[in-house]
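Residue numbers start at 1 and run along the sequence shown.
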Amino acid sequence: MKTFPIGGVHPSENKLSCGKAIEVLPLPDVVAIPLAQHIGAPAVAKVAKGDKVLTGQLIAEAGSFMSANIHSPVSGTVTAVDLVPNGQGIRQMMITIKREGDEWAEGIDRSETLVRECSLPASEIVAKIKDAGIVGMGGATFPTHVKLSVPPGKKAEALIINGVECEPYLTSDHRTMLEHGEELLVGVTILMKALDVKSAYVGIENNKPDAIAHLRKLAAQYPGVEIVPLTVKYPQGGEKQLIAAIMGRQVPPPPALPIDVGAVVCNASTTYAVYRAVQKNMPLIERVVTITGKGLKEPKNLLARMGTPIETLIAAAGGLPEDAGKVINGGPMMGRAMVNLASPVTKGCSGITVMSGRDAVRREASQCIKCAKCVAACPMGLEPYLLSKMTQKKGWETLEAQMITSCIECGCCQSTCPAYLPLLDWIRLGKQTVMGIIRQRAAAAAPKK
């Protein structure tokens, strides 16, 4: 069975909600919609306080090519366009809307009727995806229309759909594949047409045999689409790891991209959103969010409108347990701890993990024992102990030479460290600093206008 060749770990899966069908969460009374919920420039607000909006109406326009449109998830009145604290307590610009019913903008097909055929040319498919504000829903939030706009001189050879969902606890992609498999596969054919490729691979780890069997049965009707079972190993959902596992190709270090080896990777939930955007004119205003944790009364997979407060999802799963110590936006490996549970669901929010008891407490760090477990675990072939140490010493030139920008922040190093060193924390800081230095250098070298 296929997998990637370098590093990786096998954390406890804890897929507590994998057997729970998607439930529709009741609409919130108030939503807060961040203008920056994607990689690239924040969207630019097109509404002001006092404006009336409809569900699905464009309320913020992409600020540049590397940006994404944002649509209202509810109908009602805009009460503010102002700075609001996000999940980490950082104030960012958001549009706040008080819900008044659920009136939809014209032209959106809300029926569940399957629409298989897409007669649109590639350019119009990409335009509809851009208009709908589709971004990577696995957490990276890369604007999908940018990913589909292959640069001159490059050629896509294959489409890879990421149905791996290797992050512990999370099951939103799993349930989407099971409950919307047909729509997902139509989305695959739409993406294949947009990229002008004849081959598509849906990578799914072998701990989801029901999804593999279900999609294999459906894929028999879709020429060129292959379902690929993969060995269970984290972080197989990383783009570079998935390409290595399925195509046997290694993406070179940054600034190289998957397209440099002929691959384009899209998340399973993103692919379903593409189907809805192109075939139903449905903008990205809702998503499936896993709400999970060992201490929760009832882990669930909830279909929630963007802007819904995180605390509403937790309440729907029975509320915070008494011994809750940490709430994570995402999974325990790559997610970010939250300090503000009133913050909203966003396009990249695939799950909320509540950590209880001992699981929520960091162990006290001791001295590095030079065991090199972090090196063996790193799927990018880096030396995490060195990157951590050089960040503390502010050795920025050494960090750049050691390819710190190749780090995918998967947390394999930190999870394997017997000394409980906060390796990923230091590496994230070092990576951000080095990337800032690189950007400054590029700006200084750019021709003056």
Side-chain angles (χ1 to χ4, degrees), residues 22-38 42-63 67-82 84 93-115 127-135 137 144-145 172 176 179-180 183 187 269-270 272-289 301-313 315-316 342-349:
I22 298 168
E23 296 181 27
V24 178
L25 190 70
L27 298 182
D29 294 328
V30 177
V31 295
I33 315 298
L35 298 182
Q37 47 181 313
H38 49 260
V44 179
K46 307 300 289 184
V47 294
K49 183 178 180 180
D51 287 352
K52 298 286 186 179
V53 296
L54 299 174
T55 304
Q57 176 183 327
L58 181 71
I59 57 173
E61 199 166 33
S67 186
N69 289 342
I70 295 172
H71 302 77
S72 178
V74 296
S75 63
T77 301
V78 176
T79 58
V81 181
D82 204 354
V84 177
M93 194 63 70
M94 300 190 195
I95 298 172
T96 303
I97 302 169
K98 181 181 179 183
R99 182 176 66 85
E100 297 161 358
D102 192 29
E103 292 185 60
W104 285 67
E106 291 185 6
I108 299 173
D109 181 357
R110 298 165 61 194
S111 74
E112 296 183 5
T113 305
L114 181 69
V115 182
K128 292 194 80 168
I129 290 169
K130 179 181 180 181
D131 290 345
I134 308 298
V135 303
M137 295 169 68
T144 303
H145 71 274
S172 56
T176 297
E179 299 183 42
H180 298 289
E183 297 96 322
S269 293
T270 307
Y272 173 53
V274 164
Y275 162 81
R276 299 182 82 197
V278 175
Q279 304 294 76
K280 300 285 188 174
N281 293 316
M282 178 70 72
L284 185 51
I285 60 170
E286 61 185 5
R287 67 156 301 144
V288 180
V289 183
N301 298 291
L302 297 171
L303 181 64
R305 298 279 177 95
M306 304 304 178
T308 302
I310 297 299
E311 57 194 4
T312 303
L313 279 71
S343 61
V345 170
T346 60
K347 295 179 180 182
C349 178

Where [X] and [Y] come nearest, the two heavy atoms and their spacing:
X: G63; Y: V44; value: CA-CG2, 4.1 Å
X: L302; Y: A316; value: CD1-CB, 4.0 Å
X: A43; Y: I70; value: CB-CD1, 3.9 Å
X: I108; Y: G56; value: CD1-CA, 4.0 Å

Measuring from [X]:[atom1] to [Y]:[atom2], what's the distance to the nearest 0.5 Å?
X: S67; Y: K130; atom1: OG; atom2: NZ; answer: 9.0 Å
X: H38; Y: M137; atom1: NE2; atom2: CE; answer: 15.0 Å
X: D131; Y: L284; atom1: CG; atom2: CG; answer: 13.5 Å
X: S72; Y: L58; atom1: OG; atom2: CG; answer: 10.5 Å
X: T79; Y: I97; atom1: OG1; atom2: CD1; answer: 8.0 Å
X: D29; Y: T312; atom1: CG; atom2: OG1; answer: 8.5 Å

Can any side-chain N or O of [X] pair as donor or acceptor with the backbone N or O of [Y] at less than 3.5 Å?
X: D51; Y: V78; answer: no
X: N69; Y: A132; answer: no
X: R99; Y: P28; answer: yes
X: T308; Y: V345; answer: no
X: Y275; Y: T270; answer: no

If the condition is ring pair (Phe, Tyr, Trp, His ring centres under 6.0 Å), which residues does H145 pass it with, not counting sequence neighbours?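 H145 satisfies ring pair (Phe, Tyr, Trp, His ring centres under 6.0 Å) with F65 once adjacent residues are dropped.
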
Just to verify, what does Y272 make a ring pair (Phe, Tyr, Trp, His ring centres under 6.0 Å) with, not counting sequence neighbours?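 Checked Y272 against ring pair (Phe, Tyr, Trp, His ring centres under 6.0 Å); matches are H180.
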
Check whether any side-chain heavy atom of [X] lies under 4.5 Å from a side-chain heavy atom of [Y], and answer yes or no.
X: M306; Y: H71; answer: no
X: E183; Y: L114; answer: yes
X: L25; Y: L303; answer: no

What's the verdict on side chain to side chain contact (heavy atoms under 4.5 Å, CB included) for T55 and R305, showing C-alpha distance, side-chain angles and the deciding distance? CA-CA 10 Å; T55 304; R305 298 279 177 95; 3.8 Å; yes

Taking only residues two or more places apart in sequence, or in another chain, which ones meet K46 in a side chain to side chain donor-acceptor pair (under 3.5 Å)?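 Partners of K46 by the side chain to side chain donor-acceptor pair (under 3.5 Å) criterion, ordered by chain and then number, come out as E61.
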
For R287, check side chain to side chain donor-acceptor pair (under 3.5 Å) against everything at least two apart and list the hits.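 Side chain to side chain donor-acceptor pair (under 3.5 Å) list for R287, sorted by chain: empty.
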
We want to know whether S75 and D102 form a side-chain donor-acceptor pair, criterion being a heavy-atom distance below 3.5 angstrom.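 No, D102 and S75 have no side-chain donor paired with an acceptor closer than 3.5 Å.
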
Please tell me whether E100 and T77 have a donor and an acceptor in their side chains that are separated by less than 3.5 angstrom.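 A pair is found: one side chain offers a donor N or O, the other an acceptor, under 3.5 Å apart.
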
Suppose we screen for side-chain contact (heavy atoms from CB on, under 4.5 Å). Which residues come up paired with D109, at least two apart in sequence or across chains?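 Partners of D109 by the side-chain contact (heavy atoms from CB on, under 4.5 Å) criterion, ordered by chain and then number, come out as S111, K280.
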
In residues 30-37, what donor-acceptor pairs under 3.5 Å come from side-chain atoms, sequence neighbours left out?
residue, atom, partner, partner atom, Å
Q37, OE1, K347, N, 2.9
Q37, NE2, P34, O, 3.1

Run the numbers on R276 and E286 for side chain to side chain contact (heavy atoms under 4.5 Å, CB included), then give the verdict. CA-CA 11 Å; R276 299 182 82 197; E286 61 185 5; 3.0 Å; yes

